[in-house]
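Residue numbers begin at 1 in each chain, while the letters A, B, ... track the order of the sequences.
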Protein chains: 2
Amino acid sequence: MDQNRKSKRIPPTTVARLPLYLRCLEEIKLKKIRSISSFELAELTGHNAAQLRKDLSYLGEFGTRGVGYDTTELIRQIGKWLGVAAVRSVVIVGAGHLGRALCNYAGFFNKGFDVVDIYDKDKSKIGTEIAGFKIKHIDELEVNNSANIDVAIIATPAGEAQDIVDRLVSIGVSSILNFAPTKIEVGKGICVRNVDFSAELQIIGFHLASIEHGLSSDCC
Amino acid sequence: MDQNRKSKRIPPTTVARLPLYLRCLEEIKLKKIRSISSFELAELTGHNAAQLRKDLSYLGEFGTRGVGYDTTELIRQIGKWLGVAAVRSVVIVGAGHLGRALCNYAGFFNKGFDVVDIYDKDKSKIGTEIAGFKIKHIDELEVNNSANIDVAIIATPAGEAQDIVDRLVSIGVSSILNFAPTKIEVGKGICVRNVDFSAELQIIGFHLASIEHGLSSDCC
DNA sequence: CTATGTGAAGCCCTTCACAGCC
DNA sequence: GGCTGTGAAGGGCTTCACATAG
């Protein structure tokens, strides 16, 4: 009885494009542009206008025929689906170079993701400060478990990732952003997204190799 | 006259899975496992066995019916398509927290990607050392242009990314790994891959919001 | 009998094209 | 007249199921 919208499933491909739409809309709002057509926004985001309209149609009917979309309203609506109003608590596990870089990344907080703690295994790092955070030992994870963690970011070596994830899941964490180059196994209802730098480079390597072998690979 | 294999296009989705297959194969090779079936490798990578076989069939016929795939041979073949034998020169532009973390990431070199230089705009950073590299000023990009750069990694703020990419393209760089949260425009034949941390978190945010709104979102 | 390689079926996503509305 | 919202067509990827090979 929350909302009687035709609760249809939203394709994952659509969901993956929403952050980009939102970012572009926020940019044009800064330019005081009040209204935008599907053609203009599609151009900015590098997608097809029909696809953009279809994507938005999964979320609701926000446009005005003959006119376009109201910038502010569309930002509000996409934001609602992405839950940007909520502030999410994020912990980072792994205080290596990557973990520290992520700690310092202001882009997260602007989008409602609030890094609350960073953990590491290495006792010599404990207590050291990064971006205002004192590094805690991972064994404190279970102790601090009162803290409501919405998302955990895994920035550990590959070999430790699965163990850490199991522990996070056991204290109730249900969303994981994994930077460790390894496959994470989780039960149902746990959301894992993987970011693998080396894999991205290897995909680029495929295209370089294709060109060298004289195959077009009609590029990325 | 290189190879008279039926030069069919390989689906991008298949290409994107190859690095994962390769990684799992290398892991099982370390365990001295000589041979693997499509079912076993599919299990390890979290994919369907039929999909795995179809993916591999785009690259050639490497298996033995009734037996499976020879680990070493399959590693060799996938590696060939990803061009792992070649050593690729990589430059990193942007010596902020992320750029420095990437400089220190050993995983690249292991996979044939050799970071040769890191550039920044900030004059106060020039000459500073990171992981053995002296940071250079981006205006030296064009000067050093003799260096054969295979891949450039963009780790600059969003506002500077497009300009840097244009300069890289003008000196002949044709592959870009972009970490800046902005859309990069390039001409034909230039390969750009984007990695956007905030977008990944926002996608997770979508699932969290779906759960809160009582929608299943049948998770990631 | 076992496991690969592959046409065919099924499914999902993208694109088209136009009805509907401003 | 212009642009959105959407059924339908089209295209591509995944999965099935079996012929093929060892």
Distance, rounded to the nearest Å, where [X] contributes [atom1] and [N] contributes [atom2]:
X: A:D55; N: C:dT14; atom1: CG; atom2: C1'; answer: 10 Å
X: A:L52; N: C:dC13; atom1: CG; atom2: P; answer: 17 Å
X: A:R9; N: C:dC12; atom1: CZ; atom2: P; answer: 7 Å
X: B:Y58; N: C:dG5; atom1: OH; atom2: P; answer: 14 Å
X: B:L59; N: C:dT6; atom1: CG; atom2: P; answer: 12 Å
X: A:L74; N: D:dC3; atom1: CG; atom2: C1'; answer: 14 Å
X: B:L56; N: C:dT4; atom1: CG; atom2: P; answer: 10 Å

Quiz item: Hey, are B:S38 and B:R53 close enough side-chain-wise for a donor-acceptor pair under 3.5 Å?
Solution: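 Short answer, yes.
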
Quiz prompt | Donor-acceptor pair between B:T14 and B:D55 side chains, under 3.5 angstrom | solution = yes

Exercise. Assign each of A:R53 and B:R53 to its nearest nucleotide of DNA chain C by heavy atoms, then name whichever residue's nucleotide is nearer the 5' end.
Key: B:R53

Do other residues, nucleotides or ligands put more than 12 heavy atoms under 6.0 Å from [X] [atom1]?
X: A:E43; atom1: CD; answer: no
X: A:Q162; atom1: CD; answer: yes
X: A:K183; atom1: NZ; answer: yes

Quiz item: Of the nucleotides D:dG5, C:dT15, D:dT15, which one has an atom closest to the side chain of A:K54?
Solution: C:dT15

Quiz item: In residues 37-51 of chain A, what residues come within less than 4.0 Å of DNA chain C, judged by heavy atoms?
Solution: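 Residues of residues 37-51 of chain A that come under 4.0 Å of DNA chain C are, in numerical order, A:N48, A:A50, A:Q51.
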
Quiz item: Among residues 12-24 of chain B, which contact DNA chain D at a heavy-atom distance under 4.0 Å?
Solution: B:P12, B:T13, B:R17

Practice problem: Quick one: closest heavy-atom pair of A:A101 and B:A101, and the distance? | Solution: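 Taking A:A101 first and B:A101 second, the nearest heavy atoms are CB-CB, 4.1 Å.
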
Practice problem: Heavy atoms only: give me the nearest B:L201-A:F113 pair and the separation to one decimal. | Solution: O-CZ, 3.1 Å

Practice problem: Please check if the side chain of B:S89 supplies one atom and the backbone of B:D150 the other of a donor-acceptor pair under 3.5 Å. | Solution: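 No, because the side chain of B:S89 does not come within donor-acceptor range (under 3.5 Å) of the backbone of B:D150.
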
Quiz item: Taking the side chain from A:S37 and the backbone from A:G68, do they hold a donor-acceptor pair closer than 3.5 Å?
Solution: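 Flag not set: sc A:S37 to bb A:G68 has no pair under 3.5 Å.
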
Quiz item: Among A:V192, A:I154, A:V173, which one satisfies side-chain contact (heavy atoms from CB on, under 4.5 Å) with A:V165?
Solution: A:I154

Practice problem: Evaluate the side-chain proximity of A:V115 to A:V91: yes if any heavy-atom separation is below 4.5 Å, no if none is. | Solution: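 The answer is no; the side chains never approach within 4.5 Å.
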
Short heteroatom pairs, N/O only, protein and nucleotides 20-22 of chain C, under 3.5 Å:
{"residue": "C:dG20", "atom": "N3", "partner": "A:R65", "partner atom": "NH1", "Å": "3.1"}
{"residue": "C:dC22", "atom": "O4'", "partner": "A:R65", "partner atom": "O", "Å": "3.3"}

